[in-house]
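Shown next, in structure tokens, is the structure this report addresses.
Every chain is numbered from 1, with letters handed out A, B, ... down the list of sequences.
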Amino acid sequence: MGSAASSKRIALVDVNNFYASCETVFDPTLRGRSVVVLSNNDGCVVARSAEAKSAGIKMAQPWHQVAPSIQRRTQVFSSNYALYADMSNRVMTILGDLAPSQEVYSIDESFLDLTGIPNLARHATGIGQRVGQWTGLSVCVGIGSTKTRAKLANYVAKKAPEYDGIFNLEDWTDHDQTAVLTRIPVGEVWGIGFRTQRRLTAMGIRTVADLQSADPKHLRQLFGVVIERVVAELNGDACMDLEQAPPPKKQIRSSRSFGKPVTDLSSLKEAMLAFVSIAAEKLRRQGSLASTMQVFICTNVFKAEAPQYSTGYTLKLPYAMDDTVMLARFAIRTLEHLYKPGFEYKKAGVNLMNLTPRENTQFGLFTNDDAVQRADKLSGTMDAINQRFGREALCLGRLAGKRRWSMNQSRLSRSYTTNSKELILAR
DNA sequence: TCTGGGGTCCTAGGACCC
DNA sequence: TCTGGGGTCCTAGGACCC
């Protein structure tokens, strides 16, 4: 087996029930209770405590479909992204200190390269203890010779309580590894989604062990190159490196569903201005310029009886830009063309694409340098103010107190860590 | 008789992830 | 009443060029 030859030891560390655990850390009376966190607009369940899981609440389930008897004994929260981002930073910093190299893979997951570290079991235990002591959150650690194997090991660490949240796939003989992988459905493999699982199962490839021993060339013909790499990684042949510095985004999107249906153009414009402001700020933060913009609006697809209209337009910008005022001008003009009265709009958004680095960009022959510089200065000032007073402090064209399009967030917890007005009270 | 064919760029859409 | 948002990569197919 290839894994035996490979000397790499990659760990995947992730926080258990991350969003739900963040809420519990700051309100210990929630411990041992069913806790869920909802998506934007309080729509779907995106995080569950262990008790919520055993109560039968499913991931991504619309909250209104959860049985009332279960709802009643569940503590429910709107997503408090400021809190989760802050807790994430703390965890990632701790993990970074405990490994020679780290890839922050998502808000609650990190790959660590632990190759060559003696007594891996003790090191992994130490990781869990330090995160627990310093943040109050608990983690699982999966170790394997490739990222895909580390992910699988993490799955075992989560599912099998006898391992205490730590599982090193490479500690086991080939025979015992196969025994483990035979018990895991193929859909649990990183990169095998719902559709691919269905097709594989129909071919008789039901478990991870089945996929590991399948013919990669044949699968490539049927499914494409991605699955060929998955099979290689399962066999210990690394196809994916640790990415220590996140590559710049290739597109930046900002969109939201509205709390209530929106019918009038002026509310849509107001929402679009907010989306452009958010996207442009992200664009500037990563030091990029956008040369293509996509604007889209749509009605509620779940409301089958209502008239449906879903449309978007992708336009080439006259030059690569990062300035909110100019981007907003194009977005609003596009929106005016797309808008048709008589529909109940549910969602809108903007997507900045074709991003290029800002440095050494030659501005177009026909751009007015003075105008570009003034716009730069304005955007920079806006970023500074919003940095200091919160993202909503300064926006374009906001009609104070009349946000008919804003999200439902009726169950937001306090911003314990990021807002000095909401500091936790000591008792 | 036989009516090109290979390369490149772009876009839309599928599939996946958290 | 109430159904998330923000990303990535790959592929197929059309347009275009010589």
Side-chain angles (χ1 to χ4, degrees), chain A residues 12 14-15 17-19 36-48 58-66 68 71 76-81 84-85 88 103-111 147-148 151 154-155 186-200 220-230 239-240 243 246-261 271 274-275 278-279 282-283 286 291-292 294 296 298-306 312-316 344 346-355 407-411:
Chain A
L12 178 73
D14 75 339
V15 181
N17 317 323
F18 180 54
Y19 294 177
V36 303
V37 177
L38 302 180
S39 63
N40 279 335
N41 262 317
D42 294 346
C44 298
V45 173
V46 294
R48 305 160 293 161
K58 300 287 178 226
M59 186 64 176
Q61 188 177 14
W63 175 243
H64 69 93
Q65 285 178 5
V66 175
Q71 282 189 358
V76 53
F77 292 94
S78 303
S79 288
N80 188 342
Y81 288 112
Y84 311 149
S88 173
E103 171 184 341
V104 176
Y105 176 66
S106 77
I107 194 163
D108 73 329
E109 288 171 275
S110 196
F111 287 105
K147 286 170 141 184
T148 303
K151 272 268 196 185
N154 183 277
Y155 172 85
V186 69
E188 299 298 336
V189 176
W190 192 34
I192 305 299
F194 173 74
R195 274 157 231 274
T196 307
Q197 175 179 28
R198 206 168 47 185
R199 288 177 63 195
L200 285 171
R220 177 180 181 145
Q221 285 176 350
L222 294 175
F223 295 90
V225 66
V226 175
I227 201 165
E228 187 185 25
R229 283 183 208 148
V230 167
C239 305
M240 290 180 288
E243 300 204 10
K249 304 279 179 240
K250 297 177 176 175
Q251 58 177 38
I252 294 174
R253 178 194 308 235
S254 174
S255 75
R256 293 283 185 283
S257 296
F258 305 135
K260 294 189 193 114
F275 301 150
I278 291 168
K282 287 184 184 173
L283 184 69
Q286 81 162 21
S291 47
T292 303
Q294 184 180 36
F296 58 92
C298 57
T299 52
N300 189 348
V301 289
F302 293 101
K303 232 175 176 176
E305 71 286 0
Y313 186 76
T314 306
L315 70 150
K316 283 244 178 302
E344 294 194 335
K346 178 63 179 168
K347 184 176 178 179
V350 67
N351 193 4
L352 303 179
M353 302 178 296
N354 258 321
L355 310 188
M407 291 189 292
N408 296 326
Q409 282 188 305
S410 60
R411 304 155 183 280

Heavy atoms under 4.0 Å, any strand shown: does [X] hit a base, just sugar-phosphate, or nothing?
{"X": "Leu38(A)", "result": "nothing"}
{"X": "Asp108(A)", "result": "sugar-phosphate"}
{"X": "Lys346(A)", "result": "sugar-phosphate"}
{"X": "Glu109(A)", "result": "sugar-phosphate"}
{"X": "Val189(A)", "result": "sugar-phosphate"}
{"X": "Thr196(A)", "result": "sugar-phosphate"}
{"X": "Trp63(A)", "result": "nothing"}
{"X": "Ile192(A)", "result": "sugar-phosphate"}
{"X": "Lys151(A)", "result": "sugar-phosphate"}

Consecutive-pair stems (3 or more, Watson-Crick or G-U, under 3.5 Å) for DNA chain B
B:5-18 with C:5-18
If we take the P atom in both dC2(B) and dC18(C), what is their distance in whole Å?
29 Å
Both Gly43(A) and Lys249(A) contact DNA chain C. Which one's nearest nucleotide lies toward the 5' end?
Gly43(A)
For Gly259(A) and for Pro248(A), find the nucleotide of DNA chain C with the closest heavy atom, then tell me which residue's nucleotide is more 5'.
Gly259(A)
Parallel, tilted or perpendicular, judged at 30° and 60°: which one describes the rings of Tyr84(A) and Tyr19(A)?
parallel
On the 0 to 90° scale, with breaks at 30° and 60°, tag the Tyr105(A)-Trp190(A) ring pair as parallel, tilted or perpendicular.
perpendicular
Set of residues satisfying side chain to side chain contact (heavy atoms under 4.5 Å, CB included) with respect to Cys44(A), sequence neighbours excluded:
Ser39(A)
Counting side-chain heavy atoms from C-beta on, which of [options] comes nearest to [X]?
{"X": "Ser254(A)", "options": "dA15(B), dG6(C), dC18(B)", "value": "dG6(C)"}
{"X": "Asn40(A)", "options": "dA15(B), dG6(C), dG5(C)", "value": "dG5(C)"}
{"X": "Arg256(A)", "options": "dG5(C), dT3(C), dC18(B)", "value": "dG5(C)"}
{"X": "Phe302(A)", "options": "dG6(C), dG4(C), dC18(B)", "value": "dG4(C)"}
{"X": "Lys282(A)", "options": "dG6(C), dC18(B), dA15(B)", "value": "dG6(C)"}
{"X": "Cys44(A)", "options": "dC17(B), dT3(C), dG5(C)", "value": "dT3(C)"}
{"X": "Asn300(A)", "options": "dT3(C), dG4(C), dG6(C)", "value": "dT3(C)"}

When rounded to the nearest 0.5 Å, the distance separating CG of Asn408(A) from CG of Asp42(A) is 6.0 Å
Pairs under 3.5 angstrom, nitrogen or oxygen only, protein versus nucleotides 9-14 of chain C, please.
| residue | atom | partner | partner atom | Å |
| --- | --- | --- | --- | --- |
| dC9(C) | OP2 | Lys250(A) | NZ | 2.9 |
| dC10(C) | OP1 | Arg229(A) | NH1 | 2.9 |
| dC10(C) | OP1 | Arg229(A) | NH2 | 3.0 |
| dT11(C) | OP1 | Val225(A) | N | 3.4 |

Tell me whether the OP1 or OP2 atom of [N] has a side-chain N or O from [X] closer than 4.0 Å.
{"X": "Lys347(A)", "N": "dG5(C)", "value": "yes"}
{"X": "Arg195(A)", "N": "dA15(B)", "value": "yes"}
{"X": "Ser257(A)", "N": "dT3(C)", "value": "no"}

Heavy-atom neighbours of Tyr313(A) OH exceed 12 at 6.0 Å
no
Contacts table for residues 220-230 of chain A: side-chain donor-acceptor under 3.5 angstrom, sequence neighbours left out:
| residue | atom | partner | partner atom | Å |
| --- | --- | --- | --- | --- |
| Arg220(A) | NH1 | Glu228(A) | OE1 | 2.7 |
| Glu228(A) | OE2 | Lys217(A) | NZ | 2.7 |

Are the side chain of Gln286(A) and the backbone N or O of Lys249(A) linked by a donor-acceptor pair below 3.5 Å?
yes
Lys347(A) and Arg256(A) have their tightest heavy-atom pair at CG-O, 3.3 Å
Between Glu109(A) and Lys151(A), is the closest basic N to carboxylate O distance under 4.0 Å?
yes
Under the rule for side-chain hydrogen bond (donor to acceptor under 3.5 Å, both in side chains), what residues qualify as partners of Ser110(A), not counting sequence neighbours?
Gln102(A)
For Thr299(A), the side-chain hydrogen bond (donor to acceptor under 3.5 Å, both in side chains) test, sequence neighbours excluded, returns Gln308(A)
